[in-house]
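Any value given below was found using the heavy atoms of this structure, including those in side chains, with hydrogens, waters and symmetry copies removed. Chain letters run A, B, ... following the sequence lines, proteins first, then strands; residues in each count from 1. Here the structure is a predicted model, which is why all the values come from computation and not from measurement.
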Amino acid sequence: MKVRIDPEICQGQGRCFSIAPGVFDFDDLGNGVVIGDGTLTNDTIELARLAQSNCPEHAIFIEE
Amino acid sequence: MTDSPLVQDFATDWDHSDPQWVADPYPIWDDLRQRCPVAHTERYGGGWFPVTHAGVSEIAKDTDNFTSRNVVIGNGRPTELDLPAPIGVAPPITSDPPFHAIARRLILPAFAPGPINALEPMIRELCSSLLDELVGEGVVNAGTKYAQYIPPGVIRGMLGFPEEDIEHFLEMVHIIMEGIDHAEEERIVEFEPVEAYFAAQMEDHMDNPRDDLTSYLLNVELEGQNLAMEHVFGTMVLILVAGIDTTWSAIGSAIWHLAQNPEDLARLVNEPDLMPVAIEEFLRFYAPVTMARLVKHDMEYQGCPMKEDDWILLGFPAANRDPVAFKDADQFIIDRAENRHVAFGLGIHRCAGSNLARLEMRVALEEFIKRYPRFDLAEPEAVTWAPGQIRGPRNLPIRILP
């Protein structure tokens with residue numbers, strides 16, 4: 001399972017990297033970026049989902 | 001707006017400065033959401049107020065039909081004297097695409113989490129010293145003696161202006177806040193001392209560059225050129241105007257809430273890790289900022305005949321109370337896990353200072369409850385709320401409990 005952020009939709013609301021700092025980071029402008037290739041483990045999947053459900057812009061996608 | 005007639009029906013005659021709205025807008029919005037999702041007014045030369053999350057979201061993201069040329073509702077409209085869209089008066093908040101992206105890219109790096117998080121010790125020291133001034137008092141005014149001083153103190157530090165200038169700096173901030181919506185001719189005169197002080201600071205920074213926001217703005221390049229001094233000054237004014245009564249209101253509202261909800265206060269005192277989640281719920285429930293747009297051209301929106309230059313009052317705080325978008329929207333739930341609130345706006349104009357606002361809120365509340373783990377409202381009826389597009393308590397007497 002993989003998570004990605006659509007950079008066209010992300011506006012740097014800053015919720016993902018606060019909720020799931022092991023999954024997401026921020027770039028120089030404060031926009032969210034996925035750490036590594038976005039592969040989720042049993043340890044990170046719930047946090048990634050929580051971040052997704054807190055993104056006001058609906059910019060986070062989790063795919064099988 | 002004290003000379004305006006009182007509103008009888010907010011669906012056809014809304015006014016965000018009406019005393020009923022200023023005192024408690026939430027029942028008004030709940031009522032409108034049921035029967036009139038886009039309310040109308042003839043006041044201010046005509047305007048519309050979408051009250052649902054869907055409506056606010058759609059208009060915030062639609063820069064083809066709605067312009068940010070002016071984001072604060074007044075009786076006039078921007079004139080030919082103002083810079084035309086897409087640049088606007090105070091970029092990037094008053095800019096439209098495509099210029100907006102250029103102006104925004106200029107300031108975002110200074111407000112990204114990296115540089116902002118580095119300010120935490122300075123903010124903590126500021127909050128702590130403000131509380132030191134209040135030691136021994138049984139009733140403290142958390143509005144006029146605490147929340148009000150935090151944002152300007154932080155911005156002074158960010159700009160790298162001398163600490164010993166704080167009283168003078170606060171005076172300058174006062175002139176800007178009072179004068180920002182005055183007519184241009186008045187404003188030019190009123191801002192003279194501000195410009196002189198800021199120019200002296202800028203010169204000092206040019207002679208002695210350092211790691212602060214002033215040096216950043218003086219050195220940053222826009223399309224290969226340094227910014228003109230007027231542009232640097234304009235950006236500093238924007239940062240002051242956008243960053244002061246907004247965050248002051250957010251901090252004040254949170255303290256007002258905790259003063260009346262001892263169980264929430266006790267949870268924050270006993271579970272410090274809850275603070276970041278609680279901050280998001282404070283932001284949802286008491287979102288302080290409402291922005292405006294202007295309709296670009298005559299059009300129909302959800303059956304409403306909108307005319308060019310009609311105002312749109314973008315009710316982010318109303319969107320945050322929409323039960324379609326939030327479970328138990330009218331309940332403050334301090335540990336709400338799913339919270340897609342829109343307190344900082346949506347789309348390309350997301351508040352550039354959101355990381356700073358959150359940090360100030362967190363540190364201000366942490367320091368306040370560390371000093372005062374139990375408190376309530378000293379005089380509930382004495383609390384006053386700011387009218388207009390920024391909502392928050394101003395007079396906020398808090399009684400310290402043993």
Ranked by heavy-atom pairs below 4.5 Å to chain A, first place among B:Val277, B:Ile107, B:Leu346, B:Ile116 goes to B:Leu346

Tell me whether the count of non-hydrogen atoms from other residues, nucleotides or ligands lying under 6.0 Å of CD in A:Glu63 goes above 12. yes

Top contributor to chain A interface from B:Ser354, B:Pro113, B:Pro109 [non-hydrogen pairs under 4.5 Å]: B:Pro113

When rounded to the nearest 0.5 angstrom, what is the spacing between CZ in B:Arg340 and CD in A:Gln13? 11.5 Å

Near B:Asp328 CG, under 6.0 Å, is it more than 12 heavy atoms from other residues, nucleotides or ligands? yes

Taking A:Gln11's backbone N and O only, do any of them form a donor-acceptor pair with B:Arg350's side chain (distance below 3.5 Å, no angle check)? yes

Which one of A:Cys55, A:Gly14, A:Ser18, A:Cys10 has the most heavy-atom pairs closer than 4.5 Å to chain B? A:Cys55

Proximal component of B:Arg105, with respect to chain A [non-hydrogen, under 4.5 Å]: both

Residue part contacting chain B, namely of A:Asp28, when any heavy atom lies under 4.5 Å: backbone

Could you report the tightest heavy-atom contact between A:Gly30 and B:Ala112, atom names first, then the distance? N-CB, 3.8 Å

Inspect the surroundings of CG in A:Asn42 and state if more than 12 heavy atoms from other residues, nucleotides or ligands are less than 6.0 Å away. no

Would you say B:His341 and A:Arg15 make side-chain contact, with heavy atoms under 4.5 Å? yes

Which atoms of A:Ser53 come close to chain B, meaning under 4.5 Å heavy atom to heavy atom: side chain ones, backbone ones, both, or neither? both

Donor-acceptor contact below 3.5 Å, side chain A:Asn54 vs main chain B:Asn339: yes

Smallest separation among heavy atoms of A:Glu57 and B:Gly345, with atom names: OE2-O, 4.4 Å

So which residue, B:Pro115, B:Gly114, B:Ala337, ends up with the most heavy-atom pairs under 4.5 Å with chain A? B:Ala337

Which answer fits A:Leu29, side chain, backbone, both or neither, if we ask what part of it has an atom under 4.5 Å from a heavy atom of chain B? both

